[in-house]
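These values consider heavy atoms only, across backbone and side chains, with no hydrogens, waters or symmetry-generated copies.
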Protein chains: 2
Amino acid sequence: MIPSQLLKGTLEGCILAVIRKKPTYGYEIAQQLAAYGFGRIAEGTIYPLLLRLEKSGAVRAELRPSELGPNRKYYALTDRGGEELAAFMASYAELTGAVDRLLADTQREDEEP
Amino acid sequence: MIPSQLLKGTLEGCILAVIRKKPTYGYEIAQQLAAYGFGRIAEGTIYPLLLRLEKSGAVRAELRPSELGPNRKYYALTDRGGEELAAFMASYAELTGAVDRLLADTQREDEEP
DNA sequence: GAGACTACTTTGTGATACAATATAGCTGTC
DNA sequence: GACAGCTATATTGTATCACAAAGTAGTCTC
C-alpha cells in the first residue's frame, strides 16, 4: 500500500496523464489507477481533484449518458492541462533523480564496510 | 524547483536515509538534501520533522558542541528507524513503479498515431 | 424489492511542507 | 565594540491535499 502522503501532488499529474491518453470519466480513472498499481483511490479523492482541475482550466468536462448506469462526466485535456502535465513530469523527474541519487549512496555504504 | 506537495512523505524517508549514511544534525541535513538536488528545504520543515522522528523513536538525538557556532543536535538511526526506512523504500518503489508504467503508456500514444 | 455495481457530490479531518519569526553563538571587519 | 554574516535550533500559523463517510441516483439480476 502506498501511504497517502506519498501520493500528494503525484495524483494530480497522474490523472492528467490518464486523461491525456484518452478522455475519460472519474470512475474509470480510479479503475485505471488501480490497474497501474496505485491501489484503490477513494472517490473522495478523485472527484474533488477533477473538479479542481476543471475549475483551473486544465481539463474540460462534458456530460454523456452511459449505456448502463448514471450519466458520465467525461474529461478531456486542454492546452493548459498539457502544459501542467509537462511541468509535473519535469518536477517528478527532478524528485526521483534526487531520491535515487540519495538512496544509491545509502546502498553503497552497505557494500563497502 | 520541486513543488512542496510532491515532497510530502518523501522527505521523511529521505532524512532517514541521510541519517543512516552517517549520524548528523539538522543544518547539515538541509545542506546535503540541497546537494542531492532537493532544493532548499526550509528550517520550518527540517526541525519539526526531526522532532517528530525523535518522538516516534526512529532516531536518537545527542547534543554536541560545535567547533564553530552554536551546539549541534546529532541524530542517529535506531532499529525502529531502519525499519521505517525500509518501509519507505518499498512504498517509494511501489509508487515510482506505478507512475513510470503510466507515463510510459502516455509516451507510447505519441509514437503510434 | 433487495442487493450489487455504476457514477458523482459534499463535508469534515489529519498529515505535512513552509513562511515568518525568534533566539543565540561564533567570526571577521571597520 | 558594533555590525554583518554564517551557523544552528525552535515555534507558530497557514495552505494544500488525500481520505473516510455519507448521501443521491441510475441500471441490472435474482
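B:Ile2 places none of its side-chain heavy atoms less than 4.5 Å from the side chain of A:Tyr92.
Taking atom CD1 of B:Ile46 as the reference point, atom P of D:dT9 lies 10 Å away to the nearest angstrom. Regarding B:Leu50, its CG atom lies at a distance of 12 Å from the C1' atom of D:dA8, rounded to whole Å. The separation between B:Ile15 atom CD1 and C:dC18 atom C1' is 13 Å, rounded to whole Å. Separating the NZ atom of A:Lys55 from the P atom of D:dC17 is a distance of 13 Å, rounded to the nearest angstrom. Between the CZ atom of A:Phe88 and the P atom of D:dT16 there is a distance of 19 Å, rounded to whole Å. Between the CG atom of A:Leu63 and the C1' atom of C:dA7 there is a distance of 10 Å, given to the nearest Å. When rounded to the nearest whole Å, the span between CZ of B:Phe38 and P of C:dT16 equals 16 Å. In this structure, A:Leu51 atom CG and C:dT11 atom C1' are separated by 14 Å, rounded to whole Å.
The pair A:Glu28-A:Arg72 does not meet the salt-bridge criterion, since no charged nitrogen lies less than 4.0 angstrom from a carboxylate oxygen.
In this structure, of D:dA18, C:dC8, C:dA7, it is C:dA7 that holds the atom nearest to the side chain of A:Arg72. With C:dT9, D:dA20, D:dT7 as the candidates, the nucleotide lying closest to the side chain of A:Tyr47 is C:dT9. In the set D:dT11, C:dT9, C:dT16, C:dT16 carries the atom at the smallest distance from any side-chain atom of B:Arg52. Among D:dC19, D:dA25, D:dC17, the nucleotide with an atom closest to any side-chain atom of A:Ile41 is D:dC19. Distances were taken from every side-chain heavy atom of A:Pro70 (C-beta onward) to each of D:dT11, D:dG26, D:dA8; the shortest belongs to D:dG26. Each of C:dA7, D:dC19, D:dT7 was ranked by its minimum atom distance to the side chain of B:Tyr27; first place goes to D:dT7. Checked against C:dA15, D:dC19, C:dT9, the side chain of A:Glu43 finds its nearest nucleotide in C:dT9. Here the side chain of A:Gln31 is nearest to one of D:dT7, C:dT9, C:dT6, namely C:dT6. Closest to the side chain of A:Lys73, from the set C:dC8, C:dA15, D:dC19, is C:dC8.
When heavy atoms are screened at a 4.0 angstrom cut-off, A:Lys8 is found touching base atoms of the nucleic acid. In this structure, B:Leu49 reaches the sugar-phosphate backbone alone: every heavy-atom distance under 4.0 Å involves primed, P, OP1 or OP2 atoms, never a base. Contacts of A:Gly26 with the nucleic acid, taken as non-hydrogen atoms under 4.0 Å apart, involve only primed sugar atoms and P, OP1 or OP2. Across all strands, A:Leu11 comes closer than 4.0 Å only to sugar-phosphate atoms, never to a base (heavy-atom distances).
When each of A:Arg40 and A:Asn71 is assigned the nucleotide of DNA chain D bearing its nearest heavy atom, the one mapping closer to the 5' terminus is A:Arg40. Looking at which nucleotide of DNA chain C each of B:Gly44 and A:Thr45 is closest to, the 5′-most match is held by A:Thr45. Remark on DNA chain D: of its neighbouring residues B:Gly69 and B:Tyr75, the 5'-side contact belongs to B:Gly69, judged by nearest-heavy-atom nucleotide.
The shortest distance between the side-chain N/O atoms of A:Ser4 and the OP1/OP2 oxygens of C:dA15 is not below 4.0 Å. Taking only side-chain nitrogens and oxygens, A:Tyr25 comes nearer than 4.0 Å to OP1 or OP2 of C:dA7.
Nearest heavy-atom pair, B:Tyr75 versus B:Ala61, reported as atom, atom and distance to 0.1 Å: CE2-CB, 3.7 Å.
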A:Leu11 and A:Ile46: CA distance, side-chain angles, deciding distance, side-chain contact (heavy atoms from CB on, under 4.5 Å) verdict:
CA-CA 9 Å; A:Leu11 222 43; A:Ile46 297 271; 5.9 Å; no
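Of the possible polar contacts, none joining the A:Ser66 side chain to the A:Asn71 backbone as a donor-acceptor pair under 3.5 Å is found. Of the possible polar contacts, none joining the A:Thr24 side chain to the A:Ile19 backbone as a donor-acceptor pair under 3.5 Å is found.
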